[in-house]
Number of protein chains: 2
Amino acid sequence: MRRVRLEDVARAAGVSKATASRVLNDDPSLSVRADTRARIHAAAERLEYRPHPVARALAVPGTGALAMLVPELSNPAYGEMIRFAYRAARARGYVLLAAEDTEEQEADEAFTALVEGGRIDGLLIASARPANRLLEALRRHPVPHVFVNRSVEGALANVTVDVESAARLAFTHLAQLGHVRLGHVAGPRGVQSTEGRERAFLAAATAAGVPLPPVAHGPFTPAGGAAAGERLLREHPDVTAVFVSSLAQAIGVLHAARGAARVVPETLSVIAYDDLPIAHFLDPPLTTIALPIGPLAAEGVEILADMLAGAPPRSSVLDAEPDLRVRASTVSLQREERT
Amino acid sequence: MRRVRLEDVARAAGVSKATASRVLNDDPSLSVRADTRARIHAAAERLEYRPHPVARALAVPGTGALAMLVPELSNPAYGEMIRFAYRAARARGYVLLAAEDTEEQEADEAFTALVEGGRIDGLLIASARPANRLLEALRRHPVPHVFVNRSVEGALANVTVDVESAARLAFTHLAQLGHVRLGHVAGPRGVQSTEGRERAFLAAATAAGVPLPPVAHGPFTPAGGAAAGERLLREHPDVTAVFVSSLAQAIGVLHAARGAARVVPETLSVIAYDDLPIAHFLDPPLTTIALPIGPLAAEGVEILADMLAGAPPRSSVLDAEPDLRVRASTVSLQREERT
DNA sequence: CCGGTTTAGGCAACCGGTTTACCGGTGACC
DNA sequence: GGTCACCGGTAAACCGGTTGCCTAAACCGG
């Protein structure tokens, strides 16, 4: 039971491989009689011919595959992003491979296996890994790439959202509820995406003339959020509201709040960046600012596919309005708590 | 800036492509002088030669890539599984690609693109998709595969854990706490992995002589767990403890309990199958039975790699002891609640 | 010194496509 | 009647490896 080859189709249709190839890829530079064309298509259909991408990849530059690097597959937010990217990639005729790009040694292996191995044509990078290491790898072995939800200097292309306005929205929401003593649980230091959030949030606070919110850093995990939240609440027990840099961390912050005998939302309001179904099911349901994951991923794929089609790299900032989803974790500051 | 080819290495070392290839793959059937061998290796090193897997895949059967099909990338449990599988695959010299295999149309596309496209050598399947559709696709286009955490009749190989003893452990834990009126939130109907859990849990209850626990089915998501939990608690308000088929659902069940004015654990104990860091950070921290995800994934990869190396398919049941992680969501039945 | 066996390595086919260059006929035009 | 421009294709090289088969030289015993 062998694989059906192009040659089989060609023989069945009574033409040469070359003609079969051109007809099936409808090469405009070839003139061919309509009935010959029909015979070839019929033969391909009948034999259930499927072109062999590996062979094609050898003949033409390009494998028809893109890879997406995410920092953590066990973070649902990235799963979501991959899903959208996958869909967008299919629409452009590519298949999308997902790979985890942790800080550990093996991360480079993944990169090596995929990129240097020539298995893929382009890279979508949502990795948290310090950009310079990645950029160096990319310089050593250039491959079209776009950073998504990160803006990296020296990168070919970046697609980002307006973090400033999102962080401002978080601030405004808390401020409108009467909160003045704010705190921020940020992602790990040195990660570009978290720094933007932090900077914008602090800037909004400064602009509004409220005290500069203390910041605690931690990994993008529940455990990371718990540790950072615990530290923040211990060192700054007077904060009444916290802006958390990711949903995963917010779960930990909620936990830390309970540990510190704070009741959310009564004695501590919590708002997180990122939205996923799970936010609705937490206790209390979490107020969030939704990141437009779908459009972000799709735009990244579009840019990358355009680059592969010869277009110059372009960066873009999505102009989607940040979407505040008010749930039960933020309430207006209790009267008796006000200073 | 062209890619370094085998031919470049050969020329630099003053030998032919053939010899270079044999030396670099250390083909034992070739006798070659030590200094020639050294020259070739030195040249490869100096030129930073990286073999081109695509070209190699065309020449020999096998691409060096494995794919893992999971039902949902946004479920962290599968992210975890992919991570372990990835590691195990690397150790065997393969790269692992992750793909989502939902019930939707595009699922077949993913399968088609990867398998029929000849991009991969074998398939790890943790998919929830009804096995018959997958099996049919596999029959149409045979490829070595192993089902992980599922036991599918007609499949080449299955690797599973002892669900019976895990479900029995859940039952025993609840029974020892004095619970008699139990309930079960199961996964979607028709999914093999959830049915095993359900069957074993009900069997344990029957064997112990307690009333047959009512069962509510739902998808493996927080929303699915919430809906099923709500239904279960509404139709059977007398249950005092619930066994939930997955961690994702348990988050929803916790939510449903609050909606039904039940306090976990005081008036409702909850135990879930699956363990992830997040379980510790929920409110209350969730008692779970840990699935040995790592060993499961690793064993799946081993079996698959062995098959690809020519070994006959073999199924295996991991004999890891089910691991009960008691946290705060299960307590002994309150005296005043006892019947 | 000669024939046979090793040793060390080369030639060329092949994997399954794509693409460049070319070719035999036919009709139009001068 | 000769030439030129299509039309409708084909043969063969190529992508970057792997591998079966072959051979020139060295070596070896007789």
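Only heavy atoms go into these numbers, but all of them, side chains included; no hydrogens, no water, no symmetry mates.
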How long is the line joining CG of A:N25 and C1' of C:dT19, in whole Å? 11 Å
Quick test of your reading of the model: are A:R3 and A:D8 salt-bridged, counting only N-O distances below 4.0 Å? no
Check the distance between D:dG8's P and A:I40's CD1 and give it to me in whole angstrom. 13 Å
Any side-chain donor-acceptor pair under 3.5 Å between A:T160 and A:R150? no
Taking atom CG as the centre, does B:D35 end up with more than 12 heavy-atom neighbours from other residues, nucleotides or ligands that are less than 6.0 angstrom away? yes
Interatomic distance, A:L6 CG vs C:dT19 P [rounded to whole Å]: 12 Å
Inter-residue atom distance B:H141.NE2 - A:R50.CZ, 0.5 Å rounding: 9.0 Å
State whether a side-chain donor-acceptor pair under 3.5 Å links B:S193 with B:N149. no
Are any of the side-chain nitrogens in B:E48 or A:R140 under 4.0 Å away from the carboxylate oxygens of its partner? no
A:R37 vs A:D26, test: salt bridge (charged side-chain N to carboxylate O under 4.0 Å, His left out). Steps then yes/no. CA-CA 10 Å; A:R37 181 183 301 272; A:D26 40 49; 5.9 Å; no
Between C1' on D:dT19 and CG on B:D26, what's the gap in Å once rounded to a whole number? 16 Å
Please list, pair by pair, any protein nitrogen or oxygen found under 3.5 Å from a nitrogen or oxygen in nucleotides 9-15 of chain C.
unit_1 : atom_1 : unit_2 : atom_2 : d
C:dG9  : OP1    : B:T36  : OG1    : 2.7
C:dG9  : OP2    : B:R33  : N      : 2.9
C:dG9  : OP2    : B:T36  : OG1    : 3.4
C:dG10 : OP2    : B:S16  : N      : 2.7
C:dG10 : OP2    : B:S16  : OG     : 2.8
C:dG10 : OP2    : B:T19  : OG1    : 2.8
C:dG10 : O6     : B:R22  : NH1    : 3.2
C:dC15 : O2     : B:L58  : O      : 3.3
C:dC15 : O2     : B:A59  : N      : 3.3

Distance, rounded to the nearest Å, where B:E7 contributes CD and D:dG17 contributes C1': 11 Å
Can you give the dot-bracket line for DNA chain D, using ( ) for pairs inside the strand, [ ] for pairs that cross earlier ones, | for pairs with another strand and . for unpaired bases, where Watson-Crick and G-U count if both distances are under 3.5 Å? ||||||||||||||||||||||||||||||
Without decimals, in angstroms, what is the distance between B:R11 CZ and D:dG16 P? 12 Å
With heavy atoms under 4.0 Å as the rule, sort A:D27 into base, sugar-phosphate or nothing. nothing
Does a salt bridge link A:R87 with B:E100, judged by any charged N lying under 4.0 Å from a carboxylate O? no
